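Below is one structure, written out as structure tokens, with a few remarks after it.
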Amino acid sequence: MSGDGRRWRAGRTVFVREIQTVLRTHAFLGLGFGYAALIVGAAWFSGGAHSGYLPAAASLTTVSELVVPVFAFALGYRVVLNDRATGELEVLKTYGLRRSEYVLGVYAGRLVALAAALVAPLVVVGALAWYYAGPHTTVIAWHGGADAPLLLVRFALLTILFGAAVLAVSVAVSAVSDSVRSALAAVVLVWLVIALGADIGVISAILTERVGDSTVVWLTSLSPNTAYRGLVMETVVGVAVGEVRATSAVVSTASLFAWTGAGLAVASATVWRD
Amino acid sequence: MTEQKPALEAKDVSQSYGELEVLDGLSMSARRGEVHALVGANGSGKTTLLRILAGLLTPDSGTVERRSSGRREVGYLPQKPSFRSGFTAAETVRFYARLLSNDVAEGYVEDALSSVGLSDAYNRPVSGLSGGMTRLLGVAQARVGDPTTLILDEPTSGLDPEMTGRIFETVGELADGGDAVLLTTHDLERVGRNADRLSLLHGGVIAESGTPSEVVERHDAEELSDVFDTVVRSEGR
């Protein structure tokens, strides 16, 4: 073993191990295949995959909104917890690993696995759309109502951004939890809040006329789910079918990054306890 | 010949959890070439002390000095360690080595496993290792980066006598090679046979210290368990 530059080396080592861990864990692989089957099945049976890239993306928006958080939580909610329970965190500290190195290494490794799992079924959906609706679509050109693969690519990127935010929250839950039971309870609670609570809040605000239309557009950017949905409507569906003022794209994008940053910050602050 | 400074030296260390005072101005040291056993009743603060000595917990007061010629200040084995399943013993050691260096020679991993008698387990998944072999892998992990001091928290708890003997034999060999080994255990018979020095933690301080034979003689006792009974059970806290 010879010496070399230390900067982020340990974090990179943790990152690589996380990817290997996911690839070697049968439960994660099963979850990935299950997710892929669900997405491809949803696109197929809804008719979206037969109709083109845009219909495929539109048909997958709601199911992704519900299932991506489940997948991201499953990947992240035990990662720090397990390392704490086995004494691994304390061992890693004796190697001089910094909080941020560990958290970012773990997060980035799981994110790569998550992104691959999110994109893979969309590649299949894209291939189906190309095969069945190919004559009506072009590979590179789109504007003002035309369908194109780029819309599905854009949908995939937004889905990764959404998954990244939820994964960061799940790593934070894992870092602050003391047991698997409390982590599971926290995950369910957080999922309910971000998946349902935000929608209920926005609908309630509209029905009671407490906020105006312009404020609603901002409110829908606050939770990861509504921000993701709004971004899909704004930048995928809206681009092709005309003006859709579902959300502020800038604020929604910033919201997803903020959830990611906040999750990682909480995880970094709580991962070591002394 | 001048005497070497201890590899690890704690001075006036105190630690409380709320109203409970666990360590009360405790001082102790661990020397190169020695297996030093830290014994004491359950709840006496052994693990707290080890965590402070390993730098994992900052004491309320007092100082800990660690002198290491390696790339880590100390090597640490937690109680009942377990490793990521899905990886082999060699991959596990390589992971820890890569935390310190990108360039980890295959020979380094082989030597690390060989030093704890796990050469045959090189390609074996960690989930297939016995409890004792997992502890030995933990000792190999603790040695990565060549720290001068190895801190092992109950490395023999729950193991059969044969594996307990193997672990004491292994740490004895490491001490013979120049490591300072500090471990906690409840196996006083093994301490009497295999430890070079012992410290009995009681009442937040080191109540007894010395070589096993010195401690036994000092109390005019037959064996260490008699000393333990006298100090821990008779005196109370």
Side-chain angles (χ1 to χ4, degrees), chain A residues 1-31 75 78-106 109-110 113 174 180 271-274, chain B residues 15 47-48 50-59 66 68 70-88 91-109 111-112 125-127 134 138 141-142 144-147 149-151 153:
Chain A
M1 202 166 60
S2 64
D4 47 29
R6 194 205 171 283
R7 191 169 175 77
W8 293 105
R9 178 190 50 241
R12 283 199 307 272
T13 304
V14 172
F15 164 73
V16 171
R17 183 173 71 160
E18 288 307 320
I19 295 176
Q20 291 172 330
T21 298
V22 173
L23 289 175
R24 296 177 187 193
T25 304
H26 294 154
F28 289 146
L29 294 179
L31 201 62
L75 271 178
R78 286 181 72 156
V79 61
V80 179
L81 200 58
N82 281 354
D83 280 349
R84 184 179 292 127
T86 59
E88 175 79 343
L89 286 187
E90 298 212 315
V91 167
L92 291 176
K93 276 178 79 175
T94 66
Y95 285 83
L97 199 70
R98 290 169 294 181
R99 293 163 179 270
S100 54
E101 269 184 310
Y102 171 76
V103 169
L104 288 177
V106 162
R110 302 260 161 162
S174 185
V180 171
V271 62
W272 306 153
R273 296 175 184 177
D274 47 24
Chain B
Q15 177 68 33
T47 294
T48 296
L50 287 197
R51 293 184 71 235
I52 288 171
L53 296 176
L56 300 170
L57 180 65
T58 305
R66 304 174 194 90
S68 178
R71 301 191 70 189
R72 290 167 73 199
E73 286 193 329
V74 295
Y76 178 68
L77 174 68
Q79 263 186 48
K80 297 178 184 167
S82 65
F83 298 97
R84 285 270 175 111
S85 59
F87 293 85
T88 65
E91 287 173 327
T92 300
V93 171
R94 195 177 300 117
F95 163 75
Y96 292 107
R98 282 192 175 148
L99 292 172
L100 300 171
S101 169
N102 289 328
D103 183 19
V104 179
E106 210 47 43
Y108 180 87
V109 176
D111 290 348
V126 293
S127 54
T134 301
Q141 170 280 122
V144 169
D146 304 317
T149 306
L150 302 182
I151 295 178
D153 196 355

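Given the structure is predicted, the values throughout are model-derived calculations rather than measurements. Chain A is the first sequence line, chain B the second, and so forth, proteins listed ahead of strands; every chain is numbered from 1.
When the side-chain contact (heavy atoms from CB on, under 4.5 Å) test is applied to B:Ser85, the partners found at least two apart in sequence or on another chain are B:Ser127. Under the rule for a salt bridge (charged side-chain N to carboxylate O under 4.0 Å, His left out), the partners of A:Arg17 that lie at least two apart in sequence or sit in another chain are A:Glu88. B:Arg72 meets the salt bridge (charged side-chain N to carboxylate O under 4.0 Å, His left out) test with no other residue; sequence neighbours excluded.
Side-chain atoms of A:Trp272 and B:Leu56, non-hydrogen and from C-beta on, never get closer than 4.5 Å to each other. Residues A:Tyr95 and B:Arg98 form no side-chain contact, since every pair of their non-hydrogen atoms from C-beta on lies 4.5 Å or further apart. B:Arg84 is listed as a side-chain neighbour of A:Asp83, based on a closest heavy-atom distance under 4.5 Å. Using a 4.5 Å heavy-atom cutoff, the side chains of A:Val16 and B:Phe95 are not in contact. B:Pro78 places a side-chain heavy atom less than 4.5 Å from the side chain of A:Val91.
Using non-hydrogen atoms only and a strict 4.5 Å limit, the part of residues 20-29 of chain A facing chain B consists of A:Gln20, A:Thr21, A:Arg24.
Put simply, the side chain of A:Thr94 never gets that close to the backbone of B:Tyr76: no donor and acceptor are under 3.5 Å apart.
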Should A:Leu92 and B:Tyr96 be marked as a side-chain contact (heavy atoms from CB on, under 4.5 Å) after you check the CA-CA gap, both sets of side-chain angles, and the distance that decides it?
CA-CA 8 Å; A:Leu92 291 176; B:Tyr96 292 107; 4.3 Å; yes

The test is side-chain contact (heavy atoms from CB on, under 4.5 Å); show your working for B:Lys80 and A:Thr86 and say whether it passes.
CA-CA 7 Å; B:Lys80 297 178 184 167; A:Thr86 59; over 6 Å; no

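Only the side chain of B:Glu91 comes within less than 4.5 Å of a heavy atom in chain A; its backbone stays farther off.
Here A:Lys93 contributes atom NZ and B:Leu57 contributes atom CG; the two are 8.0 Å apart, rounded to the nearest 0.5 Å.
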